[in-house]
Every structure is written in C-alpha cells, then in structure tokens.
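Computed over heavy atoms, backbone and side chain alike; hydrogens, waters and symmetry mates excluded. Proteins come first, then strands; the chains are lettered A, B, ... in the order of their sequence lines, and each starts at number 1.
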Amino acid sequence: MVDLNQLNEYQRNRLEKAERLREQGIDPYPLRTQRTHTSREAIQALEEAPSEDDAPRVVVAGRLVALRVMGKVTFAHIEDRDGRVQLFFQLNTLGEEAYTRAKKLLDLGDIIEAEGHMFRTRTGEPTVRVEAWRMLAKALNPPPEKWHGLSDVEQRYRYRYVDLMSNPDVRRIFETRSRMIRAVRRFMDAHGFLEVETPILQPVYGGAEAEPFVTHHNWAKRDLYLRIAPELYLKRLLVGGFERVYEIGKNFRNEGVSTKHNPEHTAMEAYQAYADYNDMMNLAEQLWYHVALDVHGTAQLPYGEQTLDFTPPWPRITLRDAILERTGIDIDAARTFDALRDAIHERGLRVDEKPTWGKLVDELFSEYVEPHLIQPTFIIDYPREISPLAKQKPDDPDTVERFELFIAGMEVANAFSELNDPVEQERRFEAQQAHRAAGDTEAHPMDEDFVNALMYGMPPAGGIGFGIDRFAMIFTNQKSIREVILFPTLRERQEHHESESEET
RNA sequence: GGCCGCGUAGCUCAAUUGGGAGAGCAGCUGACUCUUAAUCAGCGGGUUGGGGGUUCGAGUCCCUCCGCGGUCACCA
C-alpha cells in the first residue's frame, strides 16, 4: 500500500506526473505495446537502408536512461535488452501538445515507447526521430546516480532489481551464468543423461554432511526437511533402471553465509551406471572444458591474478600424497587418531581439534593443501569414515574411491564410485548414528528406504555433484558467491520503531 | 557465533583537535531547435542506521541494538 504521506519529494513529483497523464486521458500503465524493433535492430535497420530517404520507421521501447531537454528539442536514450538507442523529440515534429507532454512529464527511469523514422544526428548517431511517443510505465522511484550507479553492496543485493537496471556488468554476470548452465545441460543431454527432478521436501534428508532446514506439512501433520542433496533419490533411479541421470537444482543447508557459501545453493548431480569414479573424472574434465569453450571460446579463464586452464587432463593426486607433499605427514603411516594428532604436533602444525581420524585428515587437508589447489586438480581416495556413501578400494577397506575437484582453492565437486552393497550401506549408516550420538550434528541420518532400494540391486555406478554457484564465480571472475546469486540470503531488515527497547 | 571495518540528502561522496551539515548528480522554476556526464541562472531537499550516555556543545567520544562487508569456524 502506497502511503501518500510517506512519499518523498521524488515520489510525490512522479506520482503527480502520472496523475496529470490520467487527466489528459492517458493511462500511465497501458496494457501493451507494439514494439517493432529493439534498439540494436532499429540501428541495424538504418544501416541497411539504401539512403536516408528510405530510413525505416520503427517502434522502440525501453527504460529512459538519459534525458537532455534543450528548449524546443530534447534528446533522450532508452535502454532495452539489446542496448541503447537515442531518441530525438522535436517541437516541430511532435506538435505542441505531445512535445510539451514529453518535456514536462518524462522522468529518468520511465518505461516508454517511441515511434518514428531513423536518422543520423549531426554527430552521426543513429536516432529515432520521434513522431509519437507513449508512456508504458511511469516510474515513481528515481534511478540511482547516472554516472556511478548503485554501488552500496548491501543495497545492490537487497534491491537487486535496481542493481541490474543501473549496472550493465551485473546483468552480464547473470547472462554468463545462464549460458554456462545451458551449456552444462547441452553437454549432459548430448552424452545420454536424462534430466530429472527429485523431491526437495524430504521425510529423511541425506546425501551430504550438513544440517537441514525443517519445514512443516499441514496436511500430513508432520515435519519435512528441505533437501541437502538429491543424491539418494537419484541413486534410487539407477535402481529403477535409468542408467544416466542428472539434476540441476537447489540444495538447502542450514549454515552461515560467507563469500563461498549461501544457505541455498545450486548443484548439479549426475549418476552413471556401469561407471566408476575414474569415469566421473573424465566426465568432469570434458564437461567443464567444453562449457568453457562454449561460453568463453577458450579453455583459459582469468580468475583474479590467476589464469585457470581447463584443458584436460587434470592432475589426479591421492589425498595421501597431497598431504604428504604439503605437510610431510604420511597419513598411511599414522592410521590412528592418536598417531595422526602426534604427527601434527611434532611438526608444529596448527589444526582445530576434531573428533575422529577421518575428520582430522580432512582438517589437515583443508588447512594446508586446499588453498594451494588453483588449477583444476582431482584429489582422490578418501578415508572411509568420512565417506558413508562411497565404495571401498579393494586393496584398502579403510579408503574409498572418492575424489573432490578443486579449482581456485575451492572445492567445486565431490564424487565417488557409489556404494551399492546394501549390507555395507546399512553398516555405514549405523556408524553415522554413532557419530551423531557423539554430538556430530551433521552425521548422516539412517535412510531405511534407500537401503531397501539397494536391496533390489543398483548397478555399479559413478556419481558426481558440482557446486554450480562456485563454477559461476569462476566463469565470471567473481570473488564472492553473492555476486553470482541473484537474490543471496540476507537478514531481514527491521523497522527501527518496532524493536527499540525489546532488545535485551 | 568470535574479531576487524563501515552506515551522512533519492544516488555517489566530503565535513580539521568535539564547535555554524556540505558538493556533484538527481529534483523544482526559468532560458535554450543537434545534445550525449548538454550548458546557464535561481530554489528546495537531512531522524548523520535506531536508542541511550558524556559535554556548554556530538556526524565526530562512550555504551547498546540493527544492518552490511571482510575474516575465522563448516561446506558444494
């Protein structure tokens, strides 16, 4: 509800102008327009015209982004999806009424339509000589400053629509993100993968280590979880007989925010029957190599000070070797929690205390190896106890066939040879329950139905999940995940009057 | 959640050791028939994020709350 008393000077002025249009019998928000050309098409039509005398007649529409009133002639620019085109309003051409209406009632930010023949101004700029114009949507809020745009980061995220209208670079980021996702789909479709959709509302969450959001289903009178991963449903589809499936969608993890984390993030997960984690590495290399070529026309992408090279093959280093190289600690020679902790202390390394050997390995890796993994690198073979859904290596049951992909110091994919032994899977779930009982709130819950599915037989398979937002960061050279999410999670802004003395 | 920083007009930003809240853009009025960050003349516009305190006096110092950014913890 618009409270007329709360409007500021700008809003009152503009509302007043809308009312004056109505008084003249003109709807400031008409139902439709008959645009014939975008800005680029209008300019192109002029360039293709055999002579100025044959200049095309066009109807263009867009947001008024520049306005220069010079007495009996007025220049303006409108912006549409293709760019900008100049409009030329002239008293002699438009007549007193239409010209004055433009001069008095147009404001920056208004959406308008203009009709006329194209011509070139004295400076050679292709321009619409306006013979008729119409308001399509009167803007009541003024746009940001014309030269600097909107730069306050909070306002850019909170009022993304203003950010998008005033900062073309921001629009370009999201166009690139969209092209990237389309390229991913093309690649997967071309390789025989079926795109599917699985539940976001889940009675039992799983497929990752994270705390879920809880919601409530009134009809069923029960709580449901927002998924933290689609993994267990996608593997049920392998049981059902689909051999190659993938899903692109949101996961929800009840965590804090950072430059690399948003509580809802977009993932792409893919599962391939009769494949293993080596096939998934090949898939990852080919996928992103082709997406890079598709989106940017090159496999070399600038990222900060670095240039990331997506040309396959990418290095494949065992977790053990990676840690050994960076810290001098051989985790194979320190297979117990105490032995590993002692080795860490001996070398004077600083890592946070963790409850188990596996978590300690993970911590050691995150602290000393991960930040150095700039070029695309596969880290392979992880501890079984932190990988409850991956299959053991035949010669080493404490290690599983799992890899994570790192680019620019970020984890961007997680994959394994999928565990398909129902009895072993149940044991892994039970071990997770022990972790949960010991206070690990991110331990994987028991999923009896998933075990039941495996009991029908799931083909040996490779599976992989990609962090799409992080790839979007890489593809658009952004340091914060919020720059590649249209509406990142923010706190709700409180009205000051309400909660003055309630805070304690 | 911890630590550091920031919050001033619609937007972009100033304001000396604590001393009369300012500029540009935008807006309003007027001039101007080829401008393009148009130009020129004049005018208006503020809960300095909210609340409290110290002081003769607070945008500035202190406390507290809110929001945002960075960083740490966790993760794709």
Under the criteria of a ring-centre distance below 5.5 Å and an interplanar angle below 30°, is Tyr10(A) stacked with the base of rG10(B)?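 Answer is no, no stack.
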When the [atom1] atoms of [N] and [M] are considered, how many whole Å apart are they?
N	M	atom1	answer
rC43(B)	rG22(B)	P	14 Å
rU54(B)	rU60(B)	C1'	14 Å
rG46(B)	rG5(B)	P	32 Å
rC32(B)	rA41(B)	C1'	12 Å
rC6(B)	rG52(B)	P	24 Å
rA76(B)	rG7(B)	C1'	33 Å
rG1(B)	rC61(B)	C1'	28 Å
rA73(B)	rC13(B)	C1'	36 Å

Sugar-phosphate or base contact per nucleotide [nucleotides 70-76 of chain B; S, B, -; heavy atom under 4.0 Å]: SS-BBBB
Only Watson-Crick and G-U wobble pairs with both distances less than 3.5 Å should count. Give RNA chain B in dot-bracket notation, marking inter-strand partners with |. (((((((..((((.....[..)))).(((((.......))))).....(((((..]....))))))))))))....
Calculate the interatomic distance between [X] atom [atom1] and [N] atom [atom2]; express it in whole Å.
X	N	atom1	atom2	result
Tyr99(A)	rU33(B)	OH	P	9 Å
Leu490(A)	rC66(B)	CG	C1'	14 Å
Asn141(A)	rA9(B)	CG	C1'	15 Å
Arg129(A)	rU35(B)	CZ	C1'	14 Å
Arg156(A)	rG7(B)	CZ	P	18 Å
Arg12(A)	rA9(B)	CZ	C1'	14 Å
Leu7(A)	rG10(B)	CG	P	13 Å
Phe89(A)	rA38(B)	CZ	P	15 Å

Those residues that, when tested against [X], pass ring-ring contact (aromatic ring centres under 6.0 Å, His included) (two or more places apart):
X	answer
Phe174(A)	none
Phe75(A)	Phe88(A)
Phe187(A)	His191(A), His290(A)

Using a strict 4.0 Å threshold on nitrogen-to-oxygen distance, state whether Glu363(A) and Lys359(A) make a salt bridge.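 No, no charged N to carboxylate O under 4.0 Å.
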If the threshold is 4.0 Å, N to carboxylate O, is there a salt bridge linking Glu231(A) and Lys235(A)?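 Salt bridge: yes.
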May I ask you to verify if any side-chain N or O of [X] is less than 4.0 angstrom from the OP1 or OP2 atom of [N]?
X	N	answer
Lys103(A)	rU33(B)	no
Arg491(A)	rC68(B)	yes
Gln155(A)	rC11(B)	yes
Lys146(A)	rA26(B)	yes

For residues 244-254 of chain A, which residue pairs pass the salt bridge (charged side-chain N to carboxylate O under 4.0 Å, His left out) check, not counting sequence neighbours?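 Those involving residues 244-254 of chain A are Arg227(A)-Glu247(A), Lys250(A)-Glu264(A).
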Would you mind listing every salt bridge (charged side-chain N to carboxylate O under 4.0 Å, His left out) that reaches into residues 473-489 of chain A, with sequence neighbours excluded?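 Applying salt bridge (charged side-chain N to carboxylate O under 4.0 Å, His left out) to every pair that reaches into residues 473-489 of chain A, excluding sequence neighbours, yields Arg156(A)-Glu483(A).
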Mind telling me whether Phe471(A) and Trp288(A) have parallel, tilted or perpendicular rings, with 30° and 60° as the class edges?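 Parallel.
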Quick one: do Asp80(A) and Ser39(A) satisfy side-chain hydrogen bond (donor to acceptor under 3.5 Å, both in side chains)? Show the steps, please. CA-CA 7 Å; Asp80(A) 63 17; Ser39(A) 57; 2.7 Å; yes
Given Arg12(A) and Glu16(A), is the salt bridge (Lys or Arg N to Asp or Glu O under 4.0 Å) satisfied, shown in steps? CA-CA 6 Å; Arg12(A) 278 198 307 273; Glu16(A) 164 87 9; over 6 Å; no
Are a donor atom and an acceptor atom from the side chains of Thr121(A) and Glu125(A) found within less than 3.5 Å of each other?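 Thr121(A) vs Glu125(A): no donor-acceptor pair found between side chains.
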Mapping Lys17(A) and Thr127(A) to their closest nucleotides on RNA chain B, which lands nearer the 5' end?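 On the 5' side of the pair lies Lys17(A).
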I need the residues from residues 67-75 of chain A with at least one non-hydrogen atom less than 4.0 Å from RNA chain B; give them sorted by number, or say none.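 When residues 67-75 of chain A is checked for heavy atoms under 4.0 Å from RNA chain B, the hits, listed by number, are Arg68(A), Val69(A), Met70(A), Gly71(A), Lys72(A), Val73(A), Phe75(A).
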Under 4.0 Å, heavy atom to any atom of RNA chain B: which of residues 107-125 of chain A qualify?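 Contacting residues: Phe119(A), Thr121(A), Arg122(A), Thr123(A), Glu125(A).
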Closest non-hydrogen atom pair between Leu340(A) and Val361(A), with its separation: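 That closest heavy-atom pairing would be CD2-CG2, 3.6 Å.
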CZ/Arg22(A): more than 12 non-hydrogen atoms of other groups inside 6.0 Å: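 Buried by this count: over 12 neighbours within 6.0 Å.
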What pairs of residues pass the side chain to side chain donor-acceptor pair (under 3.5 Å) test when at least one of them lies in residues 377-386 of chain A, not counting sequence neighbours?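 Residue pairs passing side chain to side chain donor-acceptor pair (under 3.5 Å), neighbours aside: Tyr277(A)-Asp381(A), Thr356(A)-Glu385(A), Asp381(A)-Lys393(A), Tyr382(A)-Glu404(A).
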Going by the rule side chain to side chain contact (heavy atoms under 4.5 Å, CB included), which residues pair with Gln11(A) if we only count those two or more places apart in sequence or in a different chain?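 Side chain to side chain contact (heavy atoms under 4.5 Å, CB included) list for Gln11(A), sorted by chain: Leu7(A), Asn8(A), Asn141(A).
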Between the side-chain atoms of Glu9(A) and the base atoms of rG10(B), is any donor-acceptor pair under 3.5 Å?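 Per atom types, no contact qualifies.
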Suppose we screen for salt bridge (Lys or Arg N to Asp or Glu O under 4.0 Å). Which residues come up paired with Lys103(A), at least two apart in sequence or across chains?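 If we apply the salt bridge (Lys or Arg N to Asp or Glu O under 4.0 Å) test to Lys103(A), skipping adjacent residues, there are no hits.
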Answer with base, sugar-phosphate or nothing: what part of the nucleic acid does Lys104(A) contact at a heavy-atom distance below 4.0 Å?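 Result for Lys104(A) = sugar-phosphate.
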